[in-house]
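We count residues from 1, following the sequence as given. As the structure is a computational prediction, the values presented were derived from the model and not from experiment.
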Amino acid sequence: MDLQAFIVRGQVLSLMRKALRAAAQAPIESRAEIRAEIRRCFEQSKHHSDSRTIKHLLSDGRIAVKQLAEMVGLTY
């Protein structure tokens, strides 16, 4: 794994942790569904290897996590 791939991997893992932390603040009845959707999105995107596509997906993911955090009352 080259340095760039290592950095991107770290960014992806960080984004996933933020998403799961936000999901943990959601109402109990919807937490499992939110976690499943987060996992589905990451699984669906894991096959991409083009750096532009990955950067775009990370950007979209950050926006989605920010929206989720705002919905559950967190600030990032």
_Nearest non-hydrogen partners of Val72 and Ala22, listed with the distance_ =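 What the structure gives for the nearest pair is CG2-O, 3.5 Å.
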
_Minimum heavy-atom distance between Arg31 and Ala23, given as atom pair plus value_ =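 That closest heavy-atom pairing would be CG-O, 3.4 Å.
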
Residues 55-64 side chain polar contacts: donor-acceptor under 3.5 Å, at least two apart:
residue : atom : partner : partner atom : Å
His56   : NE2  : Asp60   : OD2          : 3.1

Rounded to the nearest 0.5 Å, what separates atom [atom1] in [X] from atom [atom2] in [Y]?
X	Y	atom1	atom2	answer
Gln25	Leu68	CD	CG	10.0 Å
Ile54	Ser49	CD1	OG	6.5 Å
Glu29	Ile34	CD	CD1	9.5 Å

List in chain and number order the residues that pass side-chain hydrogen bond (donor to acceptor under 3.5 Å, both in side chains) with [X], two or more places apart in sequence or in another chain; answer none if no residue qualifies.
X	value
Thr53	Asp50
Gln67	none
Gln44	Arg40

*Residues two or more places apart in sequence or in another chain: which of them pass side-chain contact (heavy atoms from CB on, under 4.5 Å) with Gln4?*
Asp2, Val8

_Suppose we screen for side-chain contact (heavy atoms from CB on, under 4.5 Å). Which residues come up paired with Arg39, at least two apart in sequence or across chains?_
Glu43

*asked:* Please give the remaining members of the hydrophobic cluster of Ile28, linking ILVMFWY side chains under 4.5 Å, ordered by chain and number.
replied: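 Same cluster as Ile28: nobody, lone residue.
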
*So which residues get pulled into Leu3's cluster when ILVMFWY side chains under 4.5 Å apart are joined, directly or through others?*
Ile7

_Set of salt bridge (Lys or Arg N to Asp or Glu O under 4.0 Å) partners for Glu33, sequence neighbours left out_ = none

_With Arg52 via salt bridge (Lys or Arg N to Asp or Glu O under 4.0 Å) - residues at least two apart_ =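 Partners of Arg52 under the salt bridge (Lys or Arg N to Asp or Glu O under 4.0 Å) test: none.
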
*ILVMFWY network linking Met71 to Ile38, side-chain heavy atoms under 4.5 angstrom*: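 Same cluster: Met71 reaches Ile38 through Ile, Leu, Val, Met, Phe, Trp or Tyr contacts under 4.5 Å.
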
